[in-house]
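Working notes, beginning with the structure itself.
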Amino acid sequence: MTVIVQAAPFEAALLSGAGRGLPGVGAVVTFIGQVRDTEGDLERMEIEHYPGMTERAIEAMLAEATTRWDLLDGIVIHRYGTLLPGEAIMGVATAAAHRAEAFAAADFLMDYLKSRAPFWKKEVRAGRMSWVAAKDDDETALRRW
Amino acid sequence: MTVIVQAAPFEAALLSGAGRGLPGVGAVVTFIGQVRDTEGDLERMEIEHYPGMTERAIEAMLAEATTRWDLLDGIVIHRYGTLLPGEAIMGVATAAAHRAEAFAAADFLMDYLKSRAPFWKKEVRAGRMSWVAAKDDDETALRRW
Amino acid sequence: MIDILYFAWVRERIGLPKERVETEARTVGDLVAELSAREDRYAAAFADLDALRVALDQELADFDAPLAGVREVAFFPPMTGG
Amino acid sequence: MIDILYFAWVRERIGLPKERVETEARTVGDLVAELSAREDRYAAAFADLDALRVALDQELADFDAPLAGVREVAFFPPMTGG
């Protein structure tokens, strides 16, 4: 299991390497979330986090996912700092014997990262900054698990 | 949209590049299925396919997924021929504005690839060959969609 | 003339991957009956139609589908891709 | 002595990321009341507790949680990771 919290960009290859060399792995799912510019006016995104708590929170999620879905490997990478449109914000990878487990665990991790990992996003559009509001949906999503 | 059917191994980077450069992409999901050797006696897997129909069937699935989940990009790679334990058999990538769409489309494509793409797997264990039987579950899974 | 393709254990049981046949069969079912009557290996391969799938011109079809205009018929077991 | 950390707009509203305070507050709620009484910027930041979350020693907690033994309290809006 690997947790990486960094300002620098990351390589997608880091995620697809999940479970490499483990003979029981039949399925590897990766997810990458990236900065969208739907309105065409997004200059950048600034992500703040809570060093220390971030790593602890993500490690706890990964441990929970590992137990619930028998993960053979799991990776979470999340960036902070300044990100430009098109850049990858974060990534998750899960490796399991079967597809259903790998998919469910990745989905679970994403739901938890959205509203239980201490990151806060701010968008800068046309020079104006605004904090991204949490969605009620994000909280509702946790009840699935 | 990209469909690749080949005997040669493929790079995971091919999948994670889905949707690259498209400003509307917020989520990229990839799935890689690989040869498992649970019993420790699998020598190799031999995959047969129906050239022509394979590509048509996969293109139809991708077109369906694209419409249903507003995919911005989709990639399916499937190998045939001889594969050794640990080798990647196939991969799927989906790129969409949001996470839920990318996950659902990848899941859908996997379900359809399992029982609607003309591939047949044969396992060679201790020198003995046997065709992998389709699971009733695979057929049931299609009813989800 | 129609091309008939066999895959996986159907191919192995019949002993060839492809053949071209002259047939008057109106449906897939008729064609199966015609082939089964030919030789034991065909009868063995087609013994349990529930264990078989058929594609007409590379599209999945039913065993009661008509063969009019069809150029390529393929018989195979349930697919195991993914 | 307790360390108090502020993040995102809570940090911006209060105007600092971290401070160390001497407090007798028994619960998070007591601490919030104490800080809010200090200055308007605190009162403004803590005006709507539904819009806030609190972590005690880096674990999410409730506003009625006791502070006994806690070394680090953090206040922030709902998280927007992922």
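Numbered from 1 within each chain, the chains take letters A, B, ... in sequence-line order.
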Check each atom of Ala57(B) against the heavy atoms of chain C and say whether the ones under 4.5 Å are side chain, backbone, both or neither.
-> neither
Measuring heavy-atom distances to chain C, does Met90(B) have an atom under 4.5 Å in its side chain, in its backbone, in both, or in neither?
-> side chain
Given a strict heavy-atom distance threshold of 4.5 Å, which part of Ala55(C) is in contact with chain B: side chain, backbone, both, or neither?
-> side chain
Can you establish whether the number of heavy atoms outside Arg38(C) located under 6.0 Å from its atom CZ is more than 12?
-> yes
With chain B, which of Ala74(C), Pro78(C), Ala8(C) has the greatest number of heavy-atom pairs at distances under 4.5 Å?
-> Ala8(C)
Once you round to the nearest 0.5 Å, how far does CZ of Phe7(C) lie from CE of Met53(B)?
-> 9.0 Å
Return one line per donor-acceptor pair between chain C and chain B under 3.5 Å, naming both atoms and the distance rounded to 0.1 Å.
| residue | atom | partner | partner atom | Å |
| --- | --- | --- | --- | --- |
| Ala8(C) | N | Glu48(B) | OE1 | 3.4 |
| Ala8(C) | N | Glu48(B) | OE2 | 2.9 |
| Arg11(C) | NE | Glu48(B) | OE1 | 3.4 |
| Arg11(C) | NE | Glu48(B) | OE2 | 2.9 |
| Arg11(C) | NH2 | Glu48(B) | OE1 | 2.5 |
| Glu12(C) | OE1 | Trp131(B) | NE1 | 2.7 |
| Glu12(C) | OE2 | Lys122(B) | NZ | 2.4 |
| Gln58(C) | OE1 | Met53(B) | N | 3.1 |
| Glu59(C) | OE2 | Arg56(B) | NH2 | 2.9 |
| Glu72(C) | OE2 | Tyr50(B) | OH | 2.4 |
| Pro77(C) | O | Trp120(B) | NE1 | 2.8 |
| Thr80(C) | N | Phe119(B) | O | 2.8 |
| Thr80(C) | O | Lys121(B) | NZ | 3.2 |
| Thr80(C) | OG1 | Lys121(B) | N | 2.9 |
| Gly81(C) | N | Lys114(B) | O | 3.2 |
| Gly81(C) | O | Lys121(B) | NZ | 3.2 |
| Gly82(C) | N | His78(B) | NE2 | 3.0 |
| Gly82(C) | O | Lys121(B) | NZ | 2.8 |

